[in-house]
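Small disclaimer: the values here were computed from a predicted structure and weren't measured.
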Amino acid sequence: MRDRKLARWAITLGGAMLVIGCAQTTVSTSSPKHPAAAADGDGPAFADVLNASDAPGGAEAVVLKSAVTEVTVYSDRARVTRQAKTEVTTESRVYAFRNLPGWVDDGSVRVSASAGRIVDVRVERSFLAKATDKSWQKAEAEYQDLINKLAALNDEISVLDAQKIQIEAIKAFSLEKITKDTTIGDISVESYGAVLDFISDSLRKTAKARREVQIEREEITPEHEASARRLEEMKSLGQLEETTVLVTLQASRATPSAIDLTYMMPGATWEPMHELRVSTSDSKEVEVISFAAVTQTSGEDWGKAELSFSTQSTVQSVRIPELEQLTLGDTHTATRLLTSKLSSFSRAQKAFEGQSQLWNKVHQKSSGRIERLNFEQVYQSNMEYLQVVQSKTVQIFETLKNRGTTAHFKAKTAHSVRGDGHPTRMRIGRSTLKSRQKIVAVPEQSLNAARTLEMVNSTDLPFLPGKVALYQDGTFLGMTDINFIAQGESFSLFVSVADHLKLSRKLDRKHSSLVHKKRSRMRVAFIVTVENLSDEKTAVTLADRIPVSENRNIKVSNIKITPAGKADSHGILRWDLTLKPKETRQFRISYQVEYPRELVLDARRKRAAQPAMPNPSQASPVSREKYKIQDQLMDLEEML
């Protein structure tokens, strides 16, 4: 009987061993062989991608090594001249300017050669990468190989997990059988120990194998992610164009020749800015330094190029200027002329907007600069700056064109302008001007007297609109701004607050009144006070005003000014004062205004309907007149 129980136990254990043997697979503890995948910043390098693309023009083209020599920056584009030196022969030969951005304006391309005859000029474009390129195929193969290896490792982990479940099932079955055998007293210690050893050893080997596979998968995962990024960049390059200009030259004899290529491209702008430096030891002269803050995103640094800056509009026809028929109502001819000029640049602008960021990433990565910077963040910041400056300068330079004025400046010192949009400030002018310090007080606008400098632009160039940084004895005082100042034109600049002067302008309610009848009658009186708080005499120009009516329904009368003064045609009063130390001067201004009552009522209703009143300086002439008449009368009524 006991022998039959042992036989049954052996049969059961043998069946379990057979199940385990059928389920178990061989576990490799070594990593599968695979090509070493490069880190994120390596292979295939972008330089390799450029070389891998098919070159336009064929293999017979001589590739030129060129450098940027001259650049003229406008408000919304740049005219770039690059030069290459080569040997021209008696046979026609094609020379190629390669690796130019895809947003070169085709219609602006110009080529000149110091020797040889230009037979032909062609502009071609090609994508930086194609699916048939070896580098593209290599990247796809590496990515697919890593995908397959990860899939194999995931399958191995699934098999090991299933194997563990089977071993756990055998363990449960053995415990159940031992419990039954113990109950009936039919158990073999040796057989039970063998089962436990088998289960423990199997679980241990399965766990070890799973850890090894997991480690191997963790090692491959970063390589897979890097390979995916490289393949994605490669696919992006399939949408990125580069421009190639092919020039065919022929000479009567073999001779060296310098070939100049000039073209327009968007993605560049500049803005004028100035510094005004004053010395207290020499208050009769000031130094004015003008700068051009330039930014460009061509992906190529402008290193040793000669830079110029222009306010001129580039939307002009390249033909002999002549007057054409002045047609009123029919604009088809003018439209065709403008369209033919703008179409090529519109294509360039669209290409710039779609390709600039990736193009810069390619070139910054090849230069190593991208390794040190967060490219996307820096590029977006630079691009936002470029767009803000471009929008501003286009408007400013348009106002100069409307007044029939343009200006052209050359950089006085050589600076490298980075191709990633990082702004660079370059000096375009420095001059010393005669100046006269003056203190101006306008208490109706501000209770701070302003210290100003009066100057004349005695230079050969105008001062362009822009910000002005103020310095006194090397100390930064703040920022102000100037409008366009032509040669020979007088202008004034705010320097600082004359805080030793105390100003006040108060309504004299005792002598002011408001009566509403069929017509409103307002009597207004103001007391203006100027006090010198210092221990030295001070010269100051005090300004105020009285209303001037340009509406026959509004009458201004009973004007009284004490001390006596006379307003100009604009109603402006000015007193040139010299105040003694601690001296106080007082002025009285009064006048009477009669006007239709509904004038103010209408203004009040409009203000209630539109709380945000327009800035009168930016309004049209009609709206400015309404603001001066209606709103100022309403403000005076509210004061009373």
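For E489 and Q487, the side-chain atoms include no donor-acceptor pair closer than 3.5 Å. No hydrogens or angles considered: nothing links the side chains of S534 and E536 as a donor-acceptor pair under 3.5 Å. In this model, no donor atom of one side chain and acceptor atom of the other lie less than 3.5 Å apart for D301 and S416. Judged purely by distance below 3.5 Å, without hydrogens or angles, the side chains of Y263 and R79 never pair a donor atom with an acceptor atom. Checked by atom type, the side-chain pair H415/T424 shows no donor-acceptor distance below 3.5 Å. Between Q83 and D260, the side chains place a donor N or O and an acceptor N or O closer than 3.5 Å (distance only, hydrogens not considered). If you check the side chains of Y379 and S356, you find a donor sitting under 3.5 Å from an acceptor. Between R523 and Y591, the side chains place no donor N or O within less than 3.5 Å of an acceptor N or O (distance only, hydrogens not considered). A donor atom on one side chain and an acceptor atom on the other are not found under 3.5 Å apart for E384 and Q380. In this model, no donor atom of one side chain and acceptor atom of the other lie less than 3.5 Å apart for T69 and T81. If you check the side chains of S590 and H511, you find no donor sitting under 3.5 Å from an acceptor. Side chains of N457 and T459: a donor on one and an acceptor on the other come within 3.5 Å.
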Start with the C-alpha gap between L501 and N448, add the side-chain angles, then the distance that decides, and say whether side chain to side chain contact (heavy atoms under 4.5 Å, CB included) holds.
-> CA-CA 8 Å; L501 292 178; N448 292 322; over 6 Å; no

Could you walk me through whether R82 and E300 pass the salt bridge (Lys or Arg N to Asp or Glu O under 4.0 Å) test, one step at a time?
-> CA-CA 12 Å; R82 57 194 316 123; E300 177 183 16; 3.0 Å; yes

Stepwise, does the salt bridge (Lys or Arg N to Asp or Glu O under 4.0 Å) test hold for R425 with E275?
-> CA-CA 12 Å; R425 195 175 74 159; E275 286 183 0; 3.2 Å; yes

Verdict with supporting geometry, R505 and D544, salt bridge (Lys or Arg N to Asp or Glu O under 4.0 Å) = CA-CA 10 Å; R505 187 177 190 267; D544 211 298; 2.9 Å; yes

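Minimum interatomic distance between M426 and L307 (heavy atoms only, all atoms of both residues): SD-CD2, 3.5 Å. Heavy-atom minimum distance, L433 versus S458: CD2-OG, 3.4 Å. Here the closest non-hydrogen pair linking T297 and N360 is O-ND2, 3.1 Å.
The aromatic rings of H274 and F463 sit perpendicular to each other, their planes meeting at more than 60°, with 30° as the lower class boundary. Note: F587 and W575 have tilted aromatic rings, judged against thresholds of 30 and 60 degrees for the angle between ring planes. Ring geometry for F309 versus W270: interplanar angle of 30 to 60°, hence tilted.
Once rounded to the nearest 0.5 Å, the distance linking CD of Q296 with CZ of R77 reads 16.0 Å. Rounded to the nearest 0.5 angstrom, S279 OG and K284 NZ are separated by 13.5 Å. One finds the CG atom of L503 at 9.0 Å from the OG1 atom of T529 (value rounded to the nearest 0.5 Å). Remark: L493 CG to L470 CG distance equals 7.0 Å, nearest 0.5 Å.
Counted within 6.0 Å of CD on Q445, heavy atoms from surrounding residues, nucleotides or ligands total 12 or fewer; the atom is thus considered open. Applying the 6.0 Å contact sphere to NZ of K582 captures more than 12 heavy atoms from other residues, nucleotides or ligands. Shown here is R427, whose CZ atom has more than 12 heavy atoms of other residues, nucleotides or ligands within 6.0 Å. Within 6.0 Å of CG on D460 lie no more than 12 heavy atoms contributed by other residues, nucleotides or ligands.
At least one donor-acceptor pair closer than 3.5 Å links the side chain of T269 to the backbone N or O of S75. Without hydrogens or angle criteria, R519 side chain to N553 main chain gives a donor-acceptor distance under 3.5 Å.
Of the candidates T393, V294, T295, V73 forms a side-chain contact (heavy atoms from CB on, under 4.5 Å) with just one, namely V294.
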